[in-house]
Q: 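I have a structure I would like to understand better, so I am pasting it below and will then ask my questions one at a time.
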Amino acid sequence: MAQITVTLPDGSAKEIPDGSTGAEFAASIGPGLAKAALVVEADGHAQDLAAPLHDGDAVRIVTDRDPAALEHLRHSTAHVLAQAVLEMWPGATFAGGPPIDDGFYYDFELPNGATFTDADLDSIDARMREIIAADQPFERFELSVDEGRALMEAHPYKRVFMDLAAAGDASDGEVDGGTTISFYRNSDTFVDMCRGPHVPSTGRLGFFKLMRVAGAYFRGSEKNPMLQRIYGTAWSSKKELAAYLNRLEEAAKRDHRKLAAELDLVSWPEELGPGLAVWHPKGALIRKIMEDYSRTRHEHGGYEFVFSPHIAKSVLWETSGHLDYYADSMYPPMEMDGATYYPKPMNCPFHVMIYKSSQRSYRDLPLRFFELGAVYRYELSGAVHGLMRSRGFTQDDSHIFCTREQVPDELASLLAFVLDVLRAFGFTEFQAKLSTRPPEKSVGSDELWSMATDGLRGALDAAGLEYVVDEGGGAFYGPKIDVDIRDAIGRAWQLSTIQLDFTLPDRFGLEYIAPDGQKTPPVMIHRALFGSVERFFGVLIEHYAGAFPTWLAPVQARILPVAEAHHDYAHDLAQQLRAKGFRIHVSDADETLGQRIRRSKGEKIPYVLVVGDDDVAAGTVGVNPRGGDVERNVPVGDFVDRLIEETSSTMVSELPTSLPAASA
RNA sequence: GCCCGGGUAGCUCAGACGGCAGAGCAAUUCACUCGUAAUGAAUAGGUCAGGAGUUCGAUUCUCCUCUCGGGCUCCA
């Protein structure tokens with residue numbers, strides 16, 4: 001038999017018989033590897049072990065320890081899910097079922113519009129485990145598009161995928177080339193069109209859990225029928241599965257809606273309506289600290305504070321373009337004195353009005369307006385989510401008006417400013433996203449859009465921030481940079497946004513007098529740093545699991561007198577600490593010491609101070625720090641130093657008095 | 001808005017083939033005055049989300065509405 005030559009990852013060449021499959025190749029390397037092998041990569045394309053290798057392939061064996069293997073495993077588990085459902089619901093059809101972060105899903109349509117229930121998940125799970133126990137091998141084969149259509153005659157959604165593939169649209173995947181379609185069969189009763197690769201057989205699977213059922217539009221469009229989606233998670237070991245489920249529990253404990261109630265921060269009374277919150281004293285105090293810090297930083301960073309009303313006449317929103325492009329998200333209008341008023345969904349047009357209020361010169365620029373502006377957006381009822389997504393929220397909104405020449409420096413210093421403030425709140429990891437012109441619903445010339453997009457790209461490069469590009473994800477008036485932060489348990493949250501806008505200045509006829517005496521349109525930069533004060537607060541709650549750092553904690557220390565004899569000392573000490581600017585509470589309630597400590601710990605107060613006979617005599621305190629060991633007989637002065645040290649970096653007197661980079 | 005699942009005391013949750021609603025914590029009162037995560041006793045607290053229907057009788061069954069959660073879509 002003729003030999004072919006393949007290249008191994010270490011660069012060495014190996015001769016194997018022509019027609020050898022990946023499995024035979026793996027066996028020729030070593031029996032241990034053959035056992036661990038899931039798929040091979042030939043010329044960068046993962047293929048399953050049953051497929052033949054070709055002469056000249058650069059071959060790599062993917063084992064179950066390889067990150068890519070997890071995807072194969074999840075994809076294979078999705079097939080097992082589909083097999084189980086199709087067997088259990090005769091007449092059911094299926095659409096797409098890809099691997100995703102942490103697991104997989106599969107979309108189905110059940111006969112007569114039937115739906116899944118949670119109880120179904122249990123029986124589907126049981127059937128899936130039977131399929132896995134049967135250790136069915138995954139077998140790959142290829143058909144032409146016509147043959148494929150015939151094979152999938154009972155499954156219209158699959159035929160849509162095939163039609164898309166035949167039309168050259170590979171975005172829906174599961175296709176080889178476009179003329180030929182690959183299929184995977186793992187039993188007499190189940191075949192799925194699929195790009196693969198898969199694990200060699202279903203016996204390799206098993207560490208999975210079906211998580212939930214959900215509705216999902218076919219191909220993600222509201223215009224398409226809604227299918228029944230089943231989500232699952234899958235891992236390569238029992239330990240990893242358990243760790244994942246544990247992570248979910250951990251995240252649930254941090255849920256800001258739960259902690260907001262437990263810590264008495266915010267609530268959502270039914271009487272107000274969905275997505276509308278009231279702030280309780282402790283939540284409001286933290287918010288005030290956040291806002292004060294933000295205001296001070298902005299003041300030092302060369303911003304000027306402005307204010308604007310909550311409603312404005314329709315002409316403003318017509319000029320801005322919001323009524324043309326954003327009306328779906330706006331609250332309905334109010335008729336008054338023969339005019340039509342809308343609650344504001346954005347602050348921008350008001351700041352534009354302030355710019356327009358006088359003749360501007362290039363000497364005035366850049367102008368940086370800042371406002372904590374409440375906006376109202378009619379979010380779909382199914383979209384509201386605690387503080388993260390509400391119908392009324394406060395943007396820490398800034399609009400910068402500058403010349404085209406100033407844009408690069410301004411953007412660069414802006415990004416640096418944003419990251420610096422986020423770091424002060426304890427975030428250290430960032431991920432940026434550059435969003436470009438939307439395919440529909442946008443204004444402005446191509447030339448302006450590409451100039452604006454290049455400007456943002458330059459700022460990202462200057463900041464040395466890694467970014468991904470979201471094609472078509474921009475606002476209707478311009479491209480944008482979004483900055484995601486990563487929280488303490490690794491989740492990403494979208495917060496800051498920087499949007500470049502050549503359009504609004506044009507629509508409102510903004511201008512400044514350039515050095516040459518010509519009237520010139522300024523460039524406008526929209527920027528939110530927290531994004532929304534509400535969402536940022538929600539993220540902070542989850543990031544810190546409610547245990548706010550001392551500078552943000554609503555109560556920084558609670559003093560507990562051991563007995564009545566120590567009450568005076570406790571209150572004197574509290575006055576002394578308050579005089580230094582700290583937030584101190586005394587609990588001399590008629591409760592045992594243990595009870596009061598327990599309550600204080602539940603409130604996640606940074607320091608519990610216990611004072612008794614020893615302390616009254618020596619001028620000391622017993623310090624019980626959050627998450628630390630008790631220290632007895634600490635001199636009061638030492639404790640004050642500790643508080644000062646923990647809070648000084650965010651105290652107003654210590655804040656930077658200029659922008660952190662460029663443009664000074 | 002669409003699909004699925006919930007809503008019982010301030011909170012966490014039991015409960016009932018349809019027959020006067022239950023616990024723990026919290027609250028209030030009394031006693032206890034206490035050195036590092038729950039002192040004891042007593043009291044009060046609910047139109048079982050709202051409305052309609054079926055029924056002798058509905059918190060329980062059916063329908064509608066509101067609302068919350070998980071998704072889809074969207075988004076700061």
Side-chain angles (χ1 to χ4, degrees), chain A residues 105 107 109 113 115-121 211-231 252 255 257-258 261-262 264 267-275 326 328-329 345-347 373 375 377-391 393-397 473 475 480 482-483 493-497 499 526-536 538-539 560-567 588 590-602 608-615 621-625 629-633:
Chain A
Y105 69 78
D107 287 341
E109 189 174 71
T115 55
F116 293 116
T117 67
D118 288 351
D120 292 332
L121 289 186
M211 302 301 285
R212 55 185 165 264
V213 301
Y217 299 109
F218 179 56
R219 301 191 72 223
S221 168
E222 290 173 272
K223 297 185 184 90
N224 289 333
M226 179 161 273
L227 306 176
Q228 291 283 305
R229 176 172 296 179
I230 294 179
Y231 280 95
D255 190 312
R257 293 161 298 186
K258 180 176 142 72
E262 283 174 14
D264 193 18
S267 65
W268 292 266
E270 282 200 9
E271 290 83 346
L272 305 197
Y326 205 78
D328 287 350
S329 296
M346 293 185 187
N347 301 299
V375 297
R377 297 185 188 174
Y378 185 75
E379 299 293 344
L380 293 177
S381 63
V384 300
H385 176 88
L387 291 170
M388 304 303 187
R389 188 85 181 275
S390 52
R391 283 181 171 171
F393 61 96
T394 309
Q395 291 186 306
D396 59 333
D397 211 356
K480 61 178 181 173
D482 293 312
V483 179
W493 299 96
Q494 190 195 314
L495 299 172
S496 312
T497 171
Q499 309 183 351
H526 305 248
R527 188 239 59 184
L529 200 163
F530 293 156
S532 103
V533 176
E534 288 82 355
R535 173 182 280 181
F536 192 73
V539 172
L560 308 180
V562 171
E564 252 173 55
H566 317 117
H567 283 191
D588 54 9
D590 185 16
E591 292 178 315
T592 61
L593 182 63
Q595 181 71 266
R596 284 176 288 155
I597 289 170
R598 188 180 157 76
R599 273 180 206 277
S600 304
K601 293 293 182 182
V608 174
L609 306 177
V610 175
V611 294
D613 287 340
D614 296 355
D615 301 297
V621 290
V623 179
N624 186 338
D629 295 328
V630 173
E631 302 154 54
R632 288 285 302 271
N633 309 312

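Computation of the quantities below employed the complete heavy-atom set of this structure, encompassing side-chain atoms and omitting hydrogens, waters and symmetry-equivalent molecules. Computed from a predicted model, the values in this text were never measured in an experiment.
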Q: Expressed in whole Å, how much space separates the P atoms belonging to B:G45 and B:G19?
A: 24 Å
Q: For the pair A:R391 (side chain) and A:G273 (backbone), establish whether a donor and an acceptor sit closer than 3.5 Å, ignoring hydrogens and angles.
A: no
Q: Listing time: all N or O pairs from protein to nucleotides 66-69 of chain B that are below 3.5 Å?
A:
residue: B:U67; atom: O2'; partner: A:E270; partner atom: OE2; Å: 3.4
residue: B:G69; atom: OP1; partner: A:R257; partner atom: NH1; Å: 3.1

Q: Which heavy atom of A:G538 sits nearest a heavy atom of A:M388, and at what distance?
A: C-CE, 3.4 Å
Q: A:E271 CD to B:A49 C1': how many Å, rounded?
A: 11 Å
Q: Under 3.5 Å, is there a donor-acceptor pair linking the side chains of A:H566 and A:D613?
A: yes
Q: Just checking, any donor-acceptor pair under 3.5 angstrom between side chains of A:T394 and A:E534?
A: yes
Q: Search all heavy atoms of A:R632 against all heavy atoms of A:D614 and return the closest pair with its distance.
A: NH2-OD2, 3.2 Å
Q: Within the distance-only criterion (no hydrogens, no angle test), does the side chain of A:Q228 pair as donor or acceptor with the backbone N or O of A:F116 below 3.5 angstrom?
A: yes
Q: For B:U67, which nucleotide is its Watson-Crick or G-U wobble mate, given both distances must be under 3.5 Å?
A: B:G6
Q: Please check: side-chain N/O of A:N347 versus main-chain N/O of A:V375, any donor-acceptor pairing under 3.5 Å?
A: no
Q: For the pair A:S221 (side chain) and A:K223 (backbone), establish whether a donor and an acceptor sit closer than 3.5 Å, ignoring hydrogens and angles.
A: yes
Q: Donor-acceptor pair, A:D255 side chain versus A:A252 backbone, under 3.5 Å?
A: no
Q: If we take the C1' atom in both B:G7 and B:G50, what is their distance in whole Å?
A: 11 Å
Q: How long is the straight-line distance from CG of A:D590 back to CZ of A:R596, given to the nearest 0.5 Å?
A: 9.0 Å
Q: Rounding to an integer number of angstrom, what distance separates B:U73 and B:C4 when you compare their C1' atoms?
A: 16 Å
Q: Both distances under 3.5 Å, Watson-Crick or G-U wobble: report the partner of B:G19, or none.
A: B:C56
Q: Between A:D396 and A:L529 (side chain of the first, backbone of the second, donor and acceptor by atom type, cut-off under 3.5 Å), is there such a pair?
A: yes
Q: With a 3.5 angstrom cut-off on both distances, give the Watson-Crick or G-U wobble partner of B:C32, or none if there isn't one.
A: none
Q: Could you state the atom-to-atom distance from NZ of A:K223 to C1' of B:G1 in whole Å?
A: 14 Å
Q: Rounding to an integer number of angstrom, what distance separates B:C32 and B:U36 when you compare their P atoms?
A: 22 Å
Q: What is the separation between atom CZ on A:F218 and atom P on B:C3, rounded to the nearest whole Å?
A: 19 Å
Q: In the structure shown, which nucleotide is the Watson-Crick or G-U wobble counterpart of B:C74, with both distances under 3.5 Å?
A: none
Q: By nearest nucleotide on RNA chain B, pick out whichever of A:Y378 and A:V608 is the more 5' one.
A: A:Y378
Q: Roughly, in whole Å, what's the span from CD1 in A:I230 to P in B:C3?
A: 18 Å
Q: Pick the C1' atom in B:G71 and in B:A27, then give their distance to the nearest Å.
A: 39 Å
Q: Looking just at side-chain N and O atoms, do A:Y217 and A:R219 make a donor-acceptor pair shorter than 3.5 Å?
A: no
Q: Any chance you could list the contact pattern along nucleotides 71-76 of chain B? Use B for base contacts, S for sugar-phosphate-only contacts and - for none, protein heavy atoms under 4.0 Å, 5' to 3'.
A: BBBBBB
Q: Distance check, P atoms only: B:G5 and B:A58, in whole angstrom units.
A: 27 Å
Q: Could you give the distance separating B:A14 and B:C74 at their P atoms, to the nearest angstrom?
A: 36 Å
Q: Distances under 3.5 Å only, N/O to N/O: pair up the protein atoms with those of nucleotides 29-35 of chain B.
A:
residue: B:C32; atom: N4; partner: A:D590; partner atom: OD1; Å: 2.5
residue: B:C32; atom: N4; partner: A:D590; partner atom: OD2; Å: 2.4
residue: B:U33; atom: N3; partner: A:E564; partner atom: OE2; Å: 3.2
residue: B:U33; atom: O4; partner: A:E564; partner atom: OE2; Å: 3.4
residue: B:G35; atom: O6; partner: A:G612; partner atom: N; Å: 3.3
residue: B:G35; atom: O6; partner: A:G612; partner atom: O; Å: 3.2
residue: B:G35; atom: O6; partner: A:D613; partner atom: N; Å: 2.4
residue: B:G35; atom: O6; partner: A:D614; partner atom: N; Å: 2.7
residue: B:G35; atom: N1; partner: A:G612; partner atom: N; Å: 3.4
residue: B:G35; atom: N1; partner: A:D615; partner atom: OD2; Å: 2.8
residue: B:G35; atom: N2; partner: A:D615; partner atom: OD2; Å: 3.1
residue: B:G35; atom: N2; partner: A:R632; partner atom: NE; Å: 2.8
residue: B:G35; atom: N3; partner: A:R632; partner atom: NH2; Å: 3.4

Q: Which nucleotide, in any strand shown, forms a Watson-Crick or G-U wobble pair with B:A27, with both distances under 3.5 Å?
A: B:U43
Q: Do any N or O atoms from the side chain of A:S390 and from the backbone of A:F393 form a donor-acceptor pair under 3.5 angstrom?
A: no
Q: Answer yes or no: does a side-chain N or O of A:Q228 lie under 4.0 Å from OP1 or OP2 of B:C4?
A: no
Q: Expressed in whole Å, how much space separates the C1' atoms belonging to B:C11 and B:G46?
A: 14 Å
